[in-house]
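Take a look at the structure set out below.
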Amino acid sequence: MLDIKFIRENPEIVKKGIKNKNEKDTVDQILSDDVWRRDLIVQIDKLRSEKNSVSQDIGIMIKDGKDVTELKERMKKVGDSIDSLNKELKFVENRIYDNLIWIPNLPHESVPIGKSSEENVEVRQWLPDGFTFENEVKILDHIELGKKLKILDFERGAKITGSGFPVYMGKGAQLERALINYMLDYHIKDHGYTEVIPPLLVNRESMFGTGQLPKLEEDMYLAEKDDLFTIPTAEVPITNLHRNEILEENQLPINYVGYTACFRREAGSYGKESKGFLRVHQFNKVEMVKLVKPETSYEELESITNDAEDILKALNIPYRILMLCSGDLSFAAAKCYDIETWSPAENKWLEASSCSNFENFQARRANIRYRKTENKKLDFVHTLNGSGLATSRVMVSILENYQTPEGKIIVPEVLQKYTGFKIID
RNA sequence: GGAGAGGUGGGUGAGUGGCUGAAACCAACGGUUUGCUAAACCGUCGUAGUGGGAAACUGCUACCGAGGGUUCGAAUCCCUCCCUCUCCGCCA
């Protein structure tokens with residue numbers, strides 16, 4: 001959520017940002033409502049002030065045994081005026097709020113302006129030693145491999161739940177678990193994150209806090225009886241851990257990492273892009289979340305991205321980093337790097353991670369503040385998160401990049417001590 | 001699911017209609033004292049909105065779980081909802 005004061009003072013900047021993000025511009029309506037609102041507040045406060053002081057007098061007069069009937073009647077009328085102005089105020093405040101919650105975060109100045117993912121900018125690429133994009137032997141895709149080696153079962157997943165709910169079997173399940181544990185341990189031991197195992201269902205306030213609501217309601221699973229959503233990412237419960245809290249400056253930065261299953265309805269995205277792991281409704285993800293001081297958040301964005309990259313380097317998987325253009329940024333993000341890993345069978349890059357700085361956009365919605373040591377003043381923290389990483393996409397790259405000419409899978413070296421085996425055949 | 005208790009400032013906790021934005025204590029911060037630490041003493045110590053001011057600052061308003069109601073006046077009375085705790089039942 002943007003600060004209405006900021007909008008009031010910088011309407012043109014806000015309008016430009018909204019346009020670059022392809023969102024609806026209600027700035028003019030907000031501004032005129034804001035004038036109306038403040039005018040009402042001044043009127044109401046004046047009346048209330050009068051009412052308060054006269055009411056106090058009435059108390060004293062009653063004690064002194066004086067007649068207060070007339071004053072009472074007058075104050076009742078003042079009360080009525082306040083009530084009717086208040087109704088008007090509520091109306092205009094609601095309208096401002098309804099518009100405000102749909103205003104996206106503004107892109108950071110370093111973000112390229114663009115309409116869609118076509119205009120994202122590649123920042124760097126990392127390829128293992130001796131890697132080449134050309135392949136002499138036929139590369140099996142992860143679906144064929146999964147079937148052949150009996151480690152993935154998409155059909156049975158579809159039977160027991162529906163399409164997009166994969167089943168991991170045998171060594172596939174063990175590899176998945178190894179990958180999750182490896183990533184968690186790496187972030188905990190080498191990158192200094194604190195592990196969190198959060199709830200997988202969250203309430204509306206949490207979904208609002210991180211900015212999934214109101215925009216993405218249709219993309220999430222909802223348990224209607226309890227009005228709880230299954231999380232689309234661990235970002236939601238973990239960032240909301242500190243909702244409505246005041247932190248001390250010396251507690252920052254807070255770095256959390258958590259593994260959770262993630263659930264996404266992916267409404268309206270059926271078809272070619274959705275086979276196998278490429279688009280699923282449930283997947284596993286290790287997520288990093290940071291709560292930091294505002295002045296450090298852009299350094300932290302680089303740092304969290306590097307933390308995700310370290311995993312891929314250790315796994316020896318080719319990847320590239322994209323800086324998202326304004327039009328491809330999520331609603332709440334100010335700047336975002338996507339990490340894509342290479343799929344030789346698909347012959348394309350697959351998004352495995354998204355590392356974003358939300359500045360204080362989420363912190364405002366979730367009311368997460370910190371007290372500055374220097375002057376004791378309160379300010380909103382900046383929040384960031386990054387996948388570190390989504391296992392389904394990494395799994396595609398592992399299976400495809402680590403296959404032998406015979407169609408077996410060599411377990412990446414760093415995972416071998418977690419799996420206890422070196423090959424899947 | 002049933003029965004009961006309760007939600008007040010960073011914490012503990014007082015407060016049942018008016019002079020309470022809220023006692024007291026603790027914590028925190030500033031100071032005095034001190035070789036250092038501690039103790040003691042003094043002082044400061046909520047958030048937000050809005051108006052005035054270049055600013056330091058200051059006026060007013062709101063906020064005692066949330067929302068409504070009664071009243072000239074509500075932390076205090078009434079209604080609805082949410083949450084927490086205890087006991088019982090059920091269950092992993």
Side-chain angles (χ1 to χ4, degrees), chain A residues 1-9 30-101 197-209 213 222-229 237 240-252 254 261 291 360 363-381:
Chain A
M1 190 125 69
L2 296 185
D3 185 1
I4 190 158
K5 270 187 238 157
F6 181 82
I7 300 177
R8 201 184 288 152
E9 285 156 20
I30 291 173
L31 290 178
S32 68
D33 281 349
D34 182 48
V35 172
W36 183 9
R37 168 180 156 268
R38 282 186 291 161
D39 178 57
L40 286 168
I41 288 173
V42 170
Q43 292 184 55
I44 290 170
D45 281 359
K46 263 189 200 147
L47 291 174
R48 275 215 262 249
S49 176
E50 183 193 351
K51 191 180 80 167
N52 287 345
S53 72
V54 174
S55 291
Q56 224 169 65
D57 293 345
I58 290 175
I60 295 163
M61 289 168 77
I62 288 173
K63 254 184 202 154
D64 296 347
K66 291 179 185 156
D67 178 38
V68 293
T69 324
E70 213 170 297
L71 274 182
K72 273 193 184 181
E73 266 167 38
R74 219 181 85 208
M75 284 309 104
K76 198 170 174 65
K77 276 182 192 149
V78 171
D80 290 344
S81 314
I82 292 172
D83 283 349
S84 81
L85 287 171
N86 231 340
K87 270 187 194 141
E88 213 178 312
L89 180 64
K90 282 236 164 89
F91 168 80
V92 70
E93 277 182 339
N94 284 337
R95 193 160 70 184
I96 290 171
Y97 180 80
D98 290 342
N99 282 320
L100 215 48
I101 60 173
I197 302 181
L200 302 180
L201 289 138
V202 298
N203 55 31
R204 272 179 193 278
E205 291 72 36
S206 296
M207 282 300 186
F208 180 81
L213 289 179
L222 172 63
E224 279 186 59
K225 264 191 185 170
D226 300 292
D227 205 32
L228 295 174
F229 294 88
N240 276 282
L241 281 174
H242 295 291
R243 173 151 49 85
N244 291 327
E245 288 186 15
I246 294 171
L247 304 162
E248 290 303 324
E249 181 171 341
N250 61 21
Q251 290 176 264
L252 304 176
I254 292 174
L291 308 183
N360 67 20
R364 283 183 179 282
R365 294 188 156 226
N367 192 29
I368 309 171
R369 294 175 294 174
Y370 76 104
R371 194 177 295 281
K372 295 186 192 181
T373 316
E374 196 191 346
N375 57 10
K376 299 270 152 207
K377 295 258 197 264
L378 295 173
D379 195 8
F380 292 103
V381 301

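The chains referred to below are lettered A, B, ... by the order of the sequence lines, with proteins before strands, and numbering in each begins at 1. Just so it is clear, the structure is predicted and the values come from calculations on it, not from any experiment.
At least one side-chain heavy atom of A:Leu213 sits less than 4.5 Å from a side-chain heavy atom of A:Phe229. For the pair A:Arg365 and A:Arg243, the minimum side-chain heavy-atom distance is 4.5 Å or more. In this structure the side chain of A:Leu47 reaches within 4.5 angstrom of the side chain of A:Glu50, judged on heavy atoms. Residues A:Asp227 and A:Leu222 meet the side-chain proximity criterion, which asks for heavy atoms closer than 4.5 Å. Side chains of A:Ile7 and A:Leu100 form a contact here, defined as non-hydrogen atoms less than 4.5 Å apart. Contact check for A:Asn86 versus A:Arg48: side-chain heavy atoms found under the 4.5 Å cut-off. Counting heavy atoms from C-beta outward, A:Asn240 and A:Val202 have side chains that stay 4.5 Å or more apart.
If you check residues 72-82 of chain A against RNA chain B, the residues with a heavy atom closer than 4.0 Å are A:Lys72, A:Met75, A:Lys76, listed by number.
When each of B:rC72, B:rA48, B:rU50 is scored by its nearest atom to the side-chain atoms of A:Arg37, the top-ranked nucleotide is B:rU50. Distance from the side chain of A:Arg38 is smallest to B:rG51 among B:rG51, B:rG18, B:rC19. In this structure, the nucleotide among B:rG18, B:rC19, B:rG51 sitting nearest to the side chain of A:Lys63 is B:rC19.
Protein atom CG of A:Leu71 is 12 Å distant from nucleotide atom P of B:rC72, rounded to whole Å. Note: CD1 (A:Ile58) to P (B:rG17) measures 19 Å, nearest angstrom. Put simply, NZ on A:Lys51 is 12 Å from P on B:rU71, counting in whole angstrom units. Rounded to whole angstrom, the span from the CD atom of A:Gln56 across to the C1' atom of B:rA74 amounts to 14 Å. Going from atom CG of A:Asp379 over to atom P of B:rG46 covers 19 Å, rounded to whole Å. Distance A:Asn367 CG to B:rG49 P: 11 Å, rounded to the nearest Å. Following rounding to the nearest Å, A:Asn244 (CG) and B:rC83 (P) show an atom-to-atom distance of 15 Å. As rounded to whole Å, 17 Å separates atom P of B:rU47 from atom CD of A:Glu245.
Under the side chain to side chain contact (heavy atoms under 4.5 Å, CB included) criterion, A:Asn367 pairs with A:Asn244, A:Arg369, A:Phe380, not counting sequence neighbours. In this structure, the side chain to side chain donor-acceptor pair (under 3.5 Å) partners of A:Glu245, at least two apart in sequence or on a different chain, are A:His242.
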Distances under 3.5 Å between nitrogen or oxygen atoms of protein and nucleotides 10-12 of chain B:
none

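For B:rA14 and B:rG7, the C1' atoms lie 15 Å apart once the distance is rounded to whole Å. A gap of 8 Å separates the C1' atoms of B:rC77 and B:rG17, to the nearest Å. With both ends at atom P, the span from B:rA75 to B:rG9 equals 15 Å, rounded to whole Å. For the P atom pair drawn from B:rC45 and B:rG59, the interatomic distance equals 13 Å after rounding to whole Å. Taking atom C1' in both B:rA27 and B:rU44, the straight-line distance is 14 Å, to the nearest Å. For the C1' atoms, the distance linking B:rA24 with B:rU80 amounts to 35 Å, nearest Å. To the nearest whole angstrom, the two C1' atoms, one in B:rG6 and one in B:rG65, are 11 Å apart. Of the C1' atoms belonging to B:rC83 and B:rG67, the separation is 15 Å, rounded to the nearest Å.
A:Arg8 pairs in a side-chain contact (heavy atoms from CB on, under 4.5 Å) with only one of the listed residues (A:Asp34, A:Asp3, A:Val35), which is A:Asp34.
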Exercise. Kindly determine whether A:Asn52 and A:Gln56 satisfy side chain to side chain donor-acceptor pair (under 3.5 Å), including the steps that lead there.
Key: CA-CA 6 Å; A:Asn52 287 345; A:Gln56 224 169 65; over 6 Å; no

Exercise. List the steps and the verdict of side-chain contact (heavy atoms from CB on, under 4.5 Å) for A:Leu252 and A:Ile254.
Key: CA-CA 5 Å; A:Leu252 304 176; A:Ile254 292 174; 4.2 Å; yes

Quiz item: Step by step, would you call A:Arg37 with A:Arg95 a side-chain contact (heavy atoms from CB on, under 4.5 Å)?
Solution: CA-CA 10 Å; A:Arg37 168 180 156 268; A:Arg95 193 160 70 184; over 6 Å; no

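Among the atoms of the strands shown, only primed sugar atoms or phosphate atoms (P, OP1, OP2) are found under 4.0 Å from some heavy atom of A:Ile41. Within the nucleic acid shown, A:Val54 has no heavy atom closer than 4.0 Å to any nucleic acid atom.
When base pairs are accepted only as Watson-Crick or G-U wobble with both N-N or N-O distances under 3.5 Å, RNA chain B takes part in stems of 3 or more pairs at B:1-7 with B:82-88, B:10-12 with B:24-26, B:28-32 with B:40-44, B:46-52 with B:57-63, B:65-69 with B:77-81.
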Exercise. List the protein contact pattern of nucleotides 55-65 of chain B with one symbol per nucleotide (5' to 3'): B for base contact, S for sugar-phosphate-only contact, - for none; contact means a heavy-atom distance under 4.0 Å.
Key: -----SSS---

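One finds the CG atom of A:Leu71 at 10.5 Å from the NZ atom of A:Lys66 (value rounded to the nearest 0.5 Å). Rounding to the nearest 0.5 Å gives a distance of 10.5 Å between CG of A:Leu247 and CG of A:Leu378. Atoms OG and CG, from A:Ser84 and A:Leu89 in turn, are 11.0 Å apart once rounded to the nearest 0.5 Å.
Nearest-nucleotide positions on RNA chain B for A:Ile60 and A:Lys90 put A:Ile60 closer to the 5' end.
Side-chain N/O atoms of A:Arg8 include one lying less than 4.0 angstrom from OP1 or OP2 on B:rU50.
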